[in-house]
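Atoms within each ligand, like the ligands themselves, are counted from 1 in listed order.
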Amino acid sequence: MKHKNIFPITRFAPSPTGYLHLGHVAAALFARQKATSEGHFLLRLEDIDLQRCRPEFCSAIEEDLQWLGFTWKKPVWKQSERISEYRQTLDTLSARGLTYRCFCSRSDIAREIADSAHAPHQSPDGGHVYPGTCRHLSSREITQKLAEGRPWVTRLNMAAALSDITSPLTWREDDLTIVPCLPESFGDIVLARRDIAASYHLCVTHDDAKQGVTCVTRGDDLRAATAVHRLLQTVMSWPEPTYAFHPLLRDEHGRRLAKRDGAQSIRQMRACGLSSSDILLQAKEAMDKAVGPS
Ligand code: GLU
């Protein structure tokens, strides 16, 4: 489905698991630049990881970005406050027979894979493809597991979702490249986790659609996931955004900038006396270097 928005809408969508570092600023600049002076730039806080996200990081992210001179269209959407919205999408997919309850624990999955005569399938996100153990549970088996109080996740039935669409899936990059999508390589992905009835794939596509995002910008590490997102968008008849990917900034040892590896936070840079324009320039130069000569 085509977008109705005439002007670009982009978003910076960090997960508030720590303070912002230079890589985040570079990503935010990349998204803001794609919004152009005519469009809108949004900030969205993707805080569904209840173990790792913290409210103080949410406020620090907004404060740092404001100090750097970013402005965005309000309100800021916080995914943890939108679970009932995601539930509606889950219900729609379930009513169409495209999801199932999976009661497998991590160790059940590992055992199933180890016992299988076939080599495990690697998913592009680094894990193993779910072997499908719970895909065809009978309603009696499901009722029994629920009665036993077994926790469950909701998975997408990938084969059913693929058979629900009529034309081959692609994504479009904003330089007009058309990329074929192979979401089946991810297998039956989790749409709603045990601890929170949501997941990255569900929330990011849901919110991009509901916020009218016309150009999704993201790091190269999430490029492959775009295939799954295009499938969800097509199945849900959501508009198709374009995509623009940027490299991830790396330290002098070639490691991705990450708080846990000691990447300096914007807070620390501010405390050292750097101005907002110094930091923006550093982020821009680091991104230009990561992109390399065009
Ligand atoms: N929240 C994701 C992250 O922090 C990015 C969202 C996306 O563009 O997919 O890595």
### Query
How far is atom 1 (N) of ligand 1 from its nearest protein heavy atom, and which residue and atom is that?
E46 OE1, 2.6 Å
### Message
For a quick check under 3.5 Å, do W77 and Q79 share a side-chain donor-acceptor pair by atom type?
### Response
no
### Task
Return the residue, atom name and 0.1 Å-rounded distance of the protein heavy atom closest to atom 9 (O) of ligand 1.
Y200 OH, 2.5 Å
### Summary
Atoms of ligand 1 under 4.0 Å from any heavy atom of R218, numbered from 1 in the order shown, are 7 (C), 8 (O), 9 (O)
### Task
Calculate, to the nearest 0.5 Å, the distance between atoms SG and CZ belonging to C102 and R150 respectively.
9.5 Å
### Query
Of the listed options (L248, L222, D221), which comes nearest to atom 10 (O) of ligand 1 when hydrogens are ignored and any heavy atom counts?
L222
## Note on the structure
One finds that the ligand 1 atoms under 4.0 Å from a non-hydrogen atom of A13 are 1 (N), 2 (C), 3 (C), 4 (O), 5 (C), 6 (C)
### Message
Using a 4.0 Å cutoff against the non-hydrogen atoms of V204, which atoms of ligand 1 qualify?
### Response
7 (C), 9 (O)
### Message
Can you tell me if Q51 has over 12 outside heavy atoms packed within less than 6.0 Å of its CD?
### Response
no
### Message
Looking only at side-chain N and O atoms, does S94 offer a donor or acceptor that is under 3.5 Å from a partner on D91?
### Response
no
### Query
Does ligand 1 have a heavy atom under 4.0 Å from the side chain of R11, from its backbone, from both, or from neither?
side chain
#### Entry: is_close_aromatic(H121, H128), centroid dist under 6.0 Å
no
### Query
Roughly how far, to the nearest 0.5 Å, is CD1 of I48 from SG of C203?
4.0 Å
